[in-house]
Amino acid sequence: MKIKKLKINSFGKLENTEIEFSDNINIISGKNESGKSTLLKFIVSMFYGISKNKNGKTIPDFDKYKPWEKDEYSGKLTYTLDNNNEYEIYREFKKKMPTIYDKDKNDVTKQYGIDKSKESLFFYEQTGITEDNFLASCVSEQENVKLSNTMKNNIIQRLSNIVSTGSETTSYKKAIEKLNKEQLEKIGNNRSTGRPLNIVETSIEENEAKRKEISIYEDQKYDMATQKENLQIDLEESKTVLEILRKQKINLEKNQLEKEKIKISKENLLKNENRKKELEEKISNLEESKQEAFKSSKFGYLAIILIIIAITSLSIYLKKYMAILLNIIPLLIFGIIFNKKQKIKQQIKKNNRKRYQEKNLLEEELSKIEDEYKEKKLEIEEKEEKIKIQEQTAEQEIKQEFIEEIDEEIIDDILSTKYENIVEFIGEKEKELTEYKITEKTIEVDNQNILKQLDYLVEIDEKLENLYEQKKELVELNQIYEMVKQEIENAYQEMKENITPDFIEELKNILVQVTKGKYSKLYLDSENNLQIEVENGQYMPIERLSTGTIDLIYLALRISATKEISEENMPIIMDESFSYYDNERMTESLKYLSNQENRQVLIFTCSDRESEILEKENITYKKIVL
């Protein structure tokens, strides 16, 4: 592949610049700050685009090379592939996509893929080289070729890397060491501490212990649920009993006024009954007093007769005067008593009339009371019967309402309970319900505590699930690391068997050229160290060679490496690569580059040393002055 020509409309400090390159060596000469590095960046940007990201730089390349005073930010580049197909790239750098033309000026842009950043993959699909690989193998900047004694070991390592892995930046040993280090840091092992796997396993152990400690609450949850369920049954039954009691109380209270009236009526009836007895007693007493008066009257007359008989009998034995006196006295007494008796008789008759009248009044009142008593008693009995029927009907309704909720026997017991006891039972049930609610609240509090613990258990389970998932991921990642290391080992072995011999052979050829046949045998030991065989048969590390020799080997091997990454003979672009070379080393390097058949070389320099040596060695080249 060769770059034929380019046209820079405006890019960095370069504008309206057209350059044609030869197919062999091109010297792009110019003083410092003349635009050599800008031209190199233009070439790379035409193939791969220019980044708007900083990528660790102070400012993005897009902003760095964007013209300050012009809107124009574009250019064109023409190149040919080894199959002689010619392409032309036109790119406006403010746009992501370039336009690709074939040799007949047909737009073939859409024939190529686009990457995630919406950049065309035309150059990668044509050459198989990514931008990173292009910069690593085809472009050599000053710091990449400059070799001091302090950098010799680094270059030797790069040589070993190229020979053993095909890439100067890839060391099998360091790759394995890095993977082992990453594997230890990101995963850990049975012998490590504080690593992700150790932390996860420790956390799993701790959470499993916590889970075991809290899991007892799972059984308590079921016990609490049973206790709560039984309490709820008792509570509902108590509520039902209380409701029946209250309904029965209301039922009984509905007729309470009537019962009170009946009670008063009964008390009045009792009074009537007492009055009746009192009247009957009074009537009886009147009759008795009448008989007593009659007996008293008879007794008075009998007493007089007895007295007269007694006095007459005494007068027989007494003297004449005394006998006369005694006879007169009874007559006087009789007269007095008779007179008195007449008055008493009249009084008795008068009292009898009075008693008769009083008796008639009492008997009349008694009759009235008896009639009223019978009437009231009948009325009370009717009211009691009515109330009884009402209460029985209400009780039947209560029974029908609650018969499916509670045992019939309990209902019957309640309905047969007196009002006073109903009131008492209501108080007891209300107290019982309060106690149930307190117990229920206590259970609820205990249950909440259990639920909190179980919520914490859920958290632990979720944490354990995540931890086991993390462990699984770490184990899988560890397996991936082992697989990667195995694949690297396999690739390394395949490289050693297939590619390394080619590199070794190429390195031998380079060694013969740069040492003029002094050294021709080179080996890669098991530690990927390059060893050369000296004339006496002793093996010597390659770093024992001179700095100039190693430098030439490194340059040549970089060029050889491009053969392994692309089928195209890619251009070699060198930016101030020989600034620190002496004339001898530069001569050998330029001679080596001139012997690369069908490979274009672009050398950016600020001196005339390269041109002078090429002319001295009669090597054809094209000089372009910026």
Side-chain angles (χ1 to χ4, degrees), residues 217 219-274 372-454:
Y217 288 102
D219 295 333
Q220 289 186 10
K221 177 186 176 183
Y222 297 117
D223 294 341
M224 192 65 69
T226 303
Q227 186 179 352
K228 187 175 180 180
E229 184 179 350
N230 294 335
L231 178 66
Q232 196 63 34
I233 293 170
D234 294 340
L235 184 61
E236 291 302 320
E237 183 176 310
S238 291
K239 284 181 179 179
T240 304
V241 169
L242 182 58
E243 191 173 354
I244 295 171
L245 285 167
R246 285 172 175 167
K247 283 182 177 289
Q248 178 64 0
K249 180 175 177 286
I250 292 169
N251 175 35
L252 296 176
E253 284 176 344
K254 282 181 182 178
N255 299 304
Q256 198 64 23
L257 182 58
E258 289 299 321
K259 289 181 178 180
E260 289 296 326
K261 288 180 180 179
I262 290 172
K263 184 178 180 181
I264 293 170
S265 297
K266 283 185 174 181
E267 289 175 354
N268 290 333
L269 193 63
L270 182 59
K271 288 179 182 179
N272 286 350
E273 189 173 354
N274 292 335
E372 186 179 343
Y373 177 82
K374 290 178 181 178
E375 183 181 347
K376 289 289 182 182
K377 186 176 180 182
L378 181 60
E379 183 181 345
I380 288 170
E381 289 174 351
E382 289 176 352
K383 285 184 178 181
E384 285 182 332
E385 184 64 25
K386 183 180 179 181
I387 289 171
K388 184 178 179 182
I389 292 170
Q390 288 177 349
E391 289 180 347
Q392 287 176 346
T393 303
E395 288 172 358
Q396 192 63 29
E397 289 175 356
I398 291 172
K399 192 171 184 178
Q400 289 300 320
E401 182 180 354
F402 295 99
I403 192 70
E404 294 182 359
E405 297 180 30
I406 199 166
D407 290 343
E408 185 177 0
E409 186 177 347
I410 296 175
I411 299 174
D412 290 338
D413 287 343
I414 294 171
L415 297 178
S416 62
T417 303
K418 293 181 180 180
Y419 177 81
E420 295 79 8
N421 293 334
I422 290 282
V423 174
E424 183 182 347
F425 290 160
I426 287 173
E428 291 175 358
K429 279 296 172 185
E430 287 176 342
K431 183 179 178 182
E432 186 179 88
L433 277 174
T434 302
E435 290 173 353
Y436 276 146
K437 287 179 180 178
I438 291 171
T439 305
E440 185 180 36
K441 190 66 179 177
T442 303
I443 290 174
E444 186 62 30
V445 170
D446 292 342
N447 194 48
Q448 287 298 323
N449 182 51
I450 290 171
L451 290 177
K452 284 181 182 178
Q453 295 296 329
L454 292 179

Using distance only, find each side-chain donor-acceptor pair of residues 407-416 under 3.5 Å and give its atom names and separation, not counting sequence neighbours.
| unit_1 | atom_1 | unit_2 | atom_2 | d |
| --- | --- | --- | --- | --- |
| E408 | OE2 | K399 | NZ | 2.9 |
| D412 | OD1 | K399 | NZ | 3.0 |
| S416 | OG | D412 | O | 3.0 |
| S416 | OG | D413 | O | 3.0 |

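- Taking I426 as the reference, L242, L245, R246, K249, I422, E430 meet the side chain to side chain contact (heavy atoms under 4.5 Å, CB included) condition, with sequence neighbours excluded.
- The distance from the NZ atom of K247 to the CD1 atom of I244 is 9.5 Å, given to the nearest 0.5 Å.
- Not counting sequence neighbours, the partners of K239 by the side chain to side chain contact (heavy atoms under 4.5 Å, CB included) test are L235, E236, L433.
- Not counting sequence neighbours, the partners of K418 by the side chain to side chain contact (heavy atoms under 4.5 Å, CB included) test are E420, N421.
- For the side chain to side chain contact (heavy atoms under 4.5 Å, CB included) test, residues two or more places apart in sequence or in another chain that qualify with T393 are I389, E397.
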